[in-house]
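Input: a single structure, listed below in C-alpha cells.
Throughout, a chain's letter reflects where its sequence line sits, starting with A, and its residues are numbered from 1.
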Amino acid sequence: MEVRELHGRPSSPAEAEAIQDRLRPMLELGVPGPVEPRTVAGLDVAYAGDGGGAGTRLAAAVVVLDGTSLEVVEESAAVGTAAFPYVPGLFAFRELPTLLDALRALKTVPDLLVCDGFGVAHPRRFGLACHLGVLTGLPTIGVGKTAFIGAYEEPGPRRGDASPLLDGGEVVGRVLRTRDGVKPVFVSVGHRTDLDTACRNVLDLTPEYRLPETTRRADRLSREALAG
DNA sequence: GCGACAG
DNA sequence: ATCTTGTCGC
C-alpha cells in the first residue's frame, strides 16, 4: 500500500515536536469509524539488546486479519534501526521508518490499523496511532498496555467494563477491560474513527486474550523477524 | 523544583 | 522494549 511522505527524520526533540504540531491539524477526529472492518491490521516492533538509544536493531511487523474470522490474510515484516532515542511523547519517531517499510510492502489496504501505544492520549494529542493515521490515510486506533497520560478510575472487573481517560477536562481515551479479571488496556483514537467504535473493535479482537489478536500476531511476527 | 513518563 | 526463575492456576 501507499504511504505519504510528509516529513524527513528529525534530528532533535524540538524538530520532532514541530513535526507533530504540523501534522496534528490533518487529523480527522470525531467521525464514525469502521464498525465491521473487513480487514484489520496489527502493528508491532521488537528490539534487539538495549532498546533505549537510537541505532539499535529492530524489526517491525504488520499482520492483517479478517475482521470477522480473525484469520490471517497477509503478513509483512521489515528490519531496520531505531531512528530516534526513546523519549516519552516522541516514541513514534523511533519505529516509524521501519513500520512504514513493512506497510509499504503490504498488498492489502486494511480497513483499520491497530497500533501498539496511544493515539490522541498524548501530551500534544499526537501519539503513534495519530501519526500512522495521517501518513496512511487509514482509520487507526491505539491500544496501550500501561498508562501514559491522563487520570482514570479503575473500571469494573468484567470484560467490557470501562472508564474514561481524562486529561485536563477532556476525554482522551478509555480504560477498557477486555477480559474478566485481567488488567485493562488503554484505548484511544488515532485517525478517522470515534472512541465507541474503537472500543467495539478492540472487544471484537479480544475473544480470548487481554490484548487484541492483531497485536499478539504482530508481536510474534516481529520477534521472529528480529531473530532471522 | 520534584517525580512520572507509550515501547 | 529487553534482561530473567520460579510459581500459581486452569
Side-chain angles (χ1 to χ4, degrees), chain A residues 10 13 16-17 19-20 23-24 27 42-63 77-100 102 113-134 140-152 157 159 165-168 172-176 178-191 195 198 202 207-212 214-228:
Chain A
E17 289 185 17
I19 291 171
Q20 293 180 327
L23 299 189
R24 193 184 333 99
L27 280 178
L43 299 78
D44 195 20
V45 173
Y47 293 81
D50 165 48
T56 63
R57 207 165 62 84
L58 55 76
V62 182
V63 177
V79 293
T81 292
F84 207 78
Y86 173 67
V87 179
L90 302 178
F91 166 65
F93 294 97
R94 264 177 96 55
E95 25 189 75
L96 212 43
T98 311
L99 232 22
L100 295 179
L113 261 40
V114 178
C115 310
D116 222 52
F118 291 95
V120 298
H122 176 278
R124 280 174 301 285
R125 302 291 180 269
F126 202 75
L128 175 65
C130 298
H131 210 133
L132 283 168
V134 168
T140 63
I141 65 178
V143 180
K145 298 182 284 294
T146 62
F148 183 28
I149 63 152
Y152 62 94
R159 164 177 162 88
L165 181 62
L166 304 164
D167 187 40
V172 295
R174 195 172 293 165
V175 185
L176 175 67
T178 54
R179 306 293 304 164
D180 292 356
V182 303
K183 254 182 53 171
V185 298
F186 299 76
V187 180
S188 56
V189 306
H191 186 55
L195 193 51
V202 170
E208 190 173 3
Y209 299 99
R210 175 193 177 222
L211 296 178
T214 38
T215 302
R216 300 184 68 251
R217 295 272 190 177
D219 177 79
R220 202 158 58 66
L221 180 58
S222 67
R223 290 176 197 278
E224 290 172 359
L226 187 63

**Asked** Can you list every pair that meets side-chain hydrogen bond (donor to acceptor under 3.5 Å, both in side chains) and has a residue in residues 178-189 of chain A, with sequence neighbours left out?
**Response**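 Every side-chain hydrogen bond (donor to acceptor under 3.5 Å, both in side chains) pair that includes a residue of residues 178-189 of chain A, provided the two are not neighbours, is R158(A)-D180(A).
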**Main-chain N/O of A48(A) paired to R57(A) side chain as donor or acceptor, under 3.5 Å** =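 A pair under 3.5 Å: no.
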**Request:** Quick one: sort the F118(A) and F186(A) rings into parallel, tilted or perpendicular, breaks at 30° and 60°.
**Result:**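 Because their plane-to-plane angle is over 60°, the rings of F118(A) and F186(A) count as perpendicular.
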[X]: what forms a side chain to side chain donor-acceptor pair (under 3.5 Å) with it, not counting sequence neighbours?
X	answer
R217(A)	none
D44(A)	none
H122(A)	none

**Request:** Would you verify whether the NZ or CZ of R94(A) falls within 45 degrees of the ring axis of Y86(A) while also being under 6.0 Å from that six-membered ring's centre?
**Result:**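 Judged by the rule (NZ or CZ under 6.0 Å from the ring centre, within 45° of its axis), R94(A) is not positioned above Y86(A).
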**Request:** Kindly state which residues belonging to residues 217-228 of chain A come within less than 4.0 angstrom of DNA chain B, counting heavy atoms of the residue only, listed by number.
**Result:**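 Contacting residues: none.
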**Asked** Mind checking what makes ring-ring contact (aromatic ring centres under 6.0 Å, His included) contact with F91(A), not counting sequence neighbours?
**Response**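 Partners of F91(A) by the ring-ring contact (aromatic ring centres under 6.0 Å, His included) criterion come out as none, since no residue qualifies.
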**Message:** Which residues pass the salt bridge (Lys or Arg N to Asp or Glu O under 4.0 Å) test with R159(A), not counting sequence neighbours?
**Reply:**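 Partners of R159(A) under the salt bridge (Lys or Arg N to Asp or Glu O under 4.0 Å) test: none.
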Between atom [atom1] in [X] and atom [atom2] in [N], what is the gap in whole Å?
X	N	atom1	atom2	result
D44(A)	dA1(C)	CG	C1'	9 Å
L43(A)	dG7(B)	CG	C1'	13 Å
R94(A)	dA1(C)	CZ	P	12 Å
D180(A)	dG9(C)	CG	C1'	16 Å
E95(A)	dT2(C)	CD	P	10 Å

**Consecutive-pair stems (at least three Watson-Crick or G-U pairs, under 3.5 Å) that include DNA chain B** =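 Consecutive-pair runs (3 or more) involving DNA chain B: none.
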In residues 221-228 of chain A, what donor-acceptor pairs under 3.5 Å come from side-chain atoms, sequence neighbours left out?
{"unit_1": "S222(A)", "atom_1": "OG", "unit_2": "A218(A)", "atom_2": "O", "d": "3.3"}
{"unit_1": "S222(A)", "atom_1": "OG", "unit_2": "D219(A)", "atom_2": "O", "d": "2.8"}
{"unit_1": "R223(A)", "atom_1": "NE", "unit_2": "D219(A)", "atom_2": "OD2", "d": "2.9"}
{"unit_1": "R223(A)", "atom_1": "NH2", "unit_2": "D219(A)", "atom_2": "OD1", "d": "3.4"}
{"unit_1": "E224(A)", "atom_1": "OE2", "unit_2": "R220(A)", "atom_2": "NH1", "d": "3.1"}

**Item:** side-chain contact (heavy atoms from CB on, under 4.5 Å) assessment of L166(A) paired with Y152(A)
**Value:** CA-CA 6 Å; L166(A) 304 164; Y152(A) 62 94; over 6 Å; no
Kindly give the atom pairs (protein nitrogen or oxygen, nucleotide nitrogen or oxygen) under 3.5 Å for nucleotides 1-6 of chain B.
{"unit_1": "dA6(B)", "atom_1": "OP2", "unit_2": "Y86(A)", "atom_2": "OH", "d": "2.4"}
{"unit_1": "dA6(B)", "atom_1": "N7", "unit_2": "G89(A)", "atom_2": "N", "d": "3.3"}
{"unit_1": "dA6(B)", "atom_1": "N6", "unit_2": "G89(A)", "atom_2": "O", "d": "3.2"}
{"unit_1": "dA6(B)", "atom_1": "N6", "unit_2": "F91(A)", "atom_2": "N", "d": "3.3"}
{"unit_1": "dA6(B)", "atom_1": "N6", "unit_2": "H122(A)", "atom_2": "NE2", "d": "3.4"}
{"unit_1": "dA6(B)", "atom_1": "N1", "unit_2": "L128(A)", "atom_2": "N", "d": "3.3"}
{"unit_1": "dA6(B)", "atom_1": "N3", "unit_2": "F118(A)", "atom_2": "N", "d": "3.2"}

**Complete:** Under the rule of Watson-Crick or G-U wobble with both distances under 3.5 Å, where | means paired to another strand and [ ] a crossing pair, DNA chain C maps to ..........
**Considering all heavy atoms, the nearest Y47(A)-E95(A) contact** =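 What the structure gives for the nearest pair is OH-OE1, 2.7 Å.
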**Asked** Which residue pairs pass the salt bridge (Lys or Arg N to Asp or Glu O under 4.0 Å) test with at least one member in residues 77-86 of chain A, sequence neighbours excluded?
**Response**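 Output for this query is empty, none listed.
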